[in-house]
Amino acid sequence: METRKILQEKLEATLLQITHESLNSTFVGYSELYKQVIFVKVFSQEGKFLTEKAVNEQLNSCVLGFFTIENPQRFILIMKDCDPIDLKLPLTTELAFEMGQELSAFHQNVKPFEGIYLNEQLFKKVETDVSSLKNIAVKDRLEELLKAFNPIKAKIEHDLCAYSTVVLHGDVGVRNYKLVNGKLRLIDFERARKGVNYQDFIKLFYQDFNLNKNLISSFIEGYRAKGAKVEILPETQVFLIFITAVGIMKYVEKIEGQPFEKIGELMLETCTQYFNMDSGNESKPKLNAIIE
């Protein structure tokens, strides 16, 4: 039986399937069982289901119920429909400030929960990821950059150990900021994990802010205004940018995606400029993502 039909019978609802950025199956509609409009999210992975549920239960009262469907196994989360509204673009410095405030509140309010994914042994992981690449030219370039971190490896590892204490959203971007009842809110928590707060900035700075210095500065002002701090060293920030770029290069080997690959290239240019491997270019806009 198709998923929507099972859900409609179980929830006594007429459901409309909607397109969702996370690629999960999602539905919305009125449920006689709950006597309200509901938002239903279908997960194929139990870990993501449990993570989304755990974070929502800390932040709000949206979770109404959950159950499992077999053959194939799917995990169903039922929530109140908050009717989120997309942000109006283009981005402004005022909006970037509010986005920083909202992420700051998330980082300070959400606490580690049972089963949370831990970002550990990042040097070992990135070495494995680089060695697994099939494109020899890309692999050689990444191995050369990885060597640049060796003299400061101990300092970076100490920094990571000291500050990997935050529950990260895991997918911070404009598409996961919405207006809910007139207030800016983050949504979609299935990729939440424990790590360094700066990791939540990287994709936003490169993909949505396009390394715009004014937007980044306003975002960080908002983040700090809510009481959170960015304490890791610049070299640790560059290392985290590097491992994000490696993840992108690994991804695009399997699934072609030119726009996404260009984001990874920008990140690698930041690393190159930081280590002065590209000394012929006096302008250093690629370093705008580094927080002093």
Side-chain angles (χ1 to χ4, degrees), residues 47-48 51 103 107 112-113 115-173 191-207 211 228-255 260-279 284 286-292:
K48 288 185 176 181
T51 298
L103 184 60
H107 284 166
F113 48 87
I116 189 171
Y117 179 80
L118 305 177
N119 271 338
E120 297 179 315
Q121 296 185 312
L122 294 184
F123 268 98
K124 185 177 180 179
K125 183 180 185 302
V126 76
E127 287 166 4
T128 301
D129 286 347
V130 170
S131 66
S132 72
L133 292 170
K134 296 179 176 61
N135 185 312
I136 300 302
V138 173
K139 183 177 178 178
D140 288 348
R141 181 185 176 196
L142 294 177
E143 286 180 340
E144 191 64 28
L145 267 171
L146 188 54
K147 288 177 186 176
F149 289 101
N150 284 337
I152 52 176
K153 181 178 178 180
K155 184 189 290 188
I156 292 172
E157 286 186 326
H158 180 271
D159 217 21
L160 292 173
C161 183
Y163 297 113
S164 293
T165 57
V166 174
V167 175
L168 306 173
H169 177 279
D171 192 16
V172 175
R191 298 183 186 277
R193 63 193 191 276
K194 196 173 177 184
V196 180
N197 59 359
Y198 183 80
Q199 289 173 278
D200 260 348
F201 305 163
I202 297 170
K203 258 179 61 178
L204 181 70
F205 288 179
Y206 282 86
Q207 194 164 6
L211 292 181
K229 299 178 181 179
V230 183
E231 298 180 288
I232 61 167
L233 299 169
E235 46 263 58
T236 308
Q237 296 176 40
V238 176
F239 176 69
L240 293 174
I241 292 168
F242 176 71
I243 65 173
T244 305
V246 171
I248 290 173
M249 295 309 174
K250 189 178 175 186
Y251 175 83
V252 297
E253 271 201 344
K254 299 175 183 176
I255 303 171
F260 198 38
E261 186 173 2
K262 288 178 181 177
I263 298 299
E265 287 291 342
L266 268 177
M267 294 175 183
L268 293 178
E269 287 177 38
T270 293
C271 301
T272 298
Q273 288 190 355
Y274 186 80
F275 289 112
N276 293 315
M277 294 176 179
D278 186 18
S279 56
K284 303 293 184 183
K286 305 302 187 304
L287 297 182
N288 286 348
I290 310 303
I291 310 302
E292 298 293 343

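All values derive from a computational prediction rather than experimental measurement.
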Hey, mind stepping through Tyr274 and Glu235 against side-chain contact (heavy atoms from CB on, under 4.5 Å) and telling me if it holds?
CA-CA 8 Å; Tyr274 186 80; Glu235 46 263 58; 3.6 Å; yes

If you look only at distance, which donor and acceptor atoms sit under 3.5 Å apart when one is on a side chain in residues 156-168 and the other is two or more places apart or in another chain?
| residue | atom | partner | partner atom | Å |
| --- | --- | --- | --- | --- |
| Asp159 | OD2 | Leu233 | N | 2.7 |
| Asp159 | OD2 | Thr236 | OG1 | 2.7 |
| Ser164 | OG | Leu160 | O | 2.5 |

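- When all heavy atoms are compared, the tightest approach of Asn197 to Lys229 is ND2-O, 2.7 Å.
- For the residue pair Met249 and Leu268, the shortest heavy atom distance occurs at CE-CD1, 3.8 Å.
- Listed here is the closest heavy atom pair of Arg193 and Gly170: NH1-CA, 3.3 Å.
- Summarising the geometry, atom CZ belonging to Phe239 is positioned 7.5 Å from atom CZ belonging to Phe242; distances are rounded to the nearest 0.5 Å.
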Evaluation steps, side-chain contact (heavy atoms from CB on, under 4.5 Å), between Lys125 and Ile243
CA-CA 9 Å; Lys125 183 180 185 302; Ile243 65 173; over 6 Å; no

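- Every residue meeting the ring-ring contact (aromatic ring centres under 6.0 Å, His included) condition with Tyr251, not counting sequence neighbours, appears here in chain and number order: Phe260.
- For Lys153 and Phe123, the positive end sits near the middle of the six-membered ring, less than 6.0 Å away and at most 45° from its axis.
- Within the 3.5 Å criterion, the main-chain N or O of Arg191 finds no donor-acceptor partner in the side chain of Asp171.
- With values rounded to the nearest 0.5 angstrom, Leu211 atom CG is found 5.5 Å from Tyr206 atom OH.
- Test Leu122, Ile232, Asn119 against Val196 for side-chain contact (heavy atoms from CB on, under 4.5 Å) and you get one pass: Ile232.
- Residues Ala289 and Gln237 approach most closely at O-OE1, 3.9 Å, considering heavy atoms.
- No side-chain heavy atom of Ile116 sits under 4.5 Å from any side-chain heavy atom of Thr51.
- Ile136 is linked by a side-chain contact (heavy atoms from CB on, under 4.5 Å) to Asp140, counting only residues two or more places apart in sequence or in another chain.
- Atoms OG1 and CG, on Thr128 and Leu133 in that order, are 11.0 Å from each other to the nearest 0.5 Å.
- Here Thr272 contributes atom OG1 and Glu265 contributes atom CD; the two are 9.0 Å apart, rounded to the nearest 0.5 Å.
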Take Ile290 and Tyr198 through the test side-chain contact (heavy atoms from CB on, under 4.5 Å) and record every step on the way to the result.
CA-CA 10 Å; Ile290 310 303; Tyr198 183 80; 4.3 Å; yes

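- Atom CG of Leu266 sits about 11.5 Å away from atom CD of Glu261, to the nearest 0.5 Å.
- In this structure, Ala245 and Gly264 approach most closely via the heavy-atom pair CB-O, 3.7 Å.
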Please test Glu269 against Lys262 for salt bridge (Lys or Arg N to Asp or Glu O under 4.0 Å), starting from the C-alpha separation and ending with a verdict.
CA-CA 10 Å; Glu269 287 177 38; Lys262 288 178 181 177; over 6 Å; no

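- The backbone N or O of Glu253 lies less than 3.5 Å from no partner atom in the side chain of Lys134, so there is not a single donor-acceptor pair.
- Of all heavy-atom pairs spanning Asp129 and Ser132, the tightest one is O-OG, 2.7 Å.
- Distance alone, capped at 3.5 Å, is enough to place a donor-acceptor pair between the Thr270 side chain and the Lys286 backbone.
- Once rounded to the nearest 0.5 Å, the distance linking CD1 of Ile202 with CE of Met267 reads 6.5 Å.
- Side chains of Phe205 and Ile241 form no contact here, defined as non-hydrogen atoms less than 4.5 Å apart.
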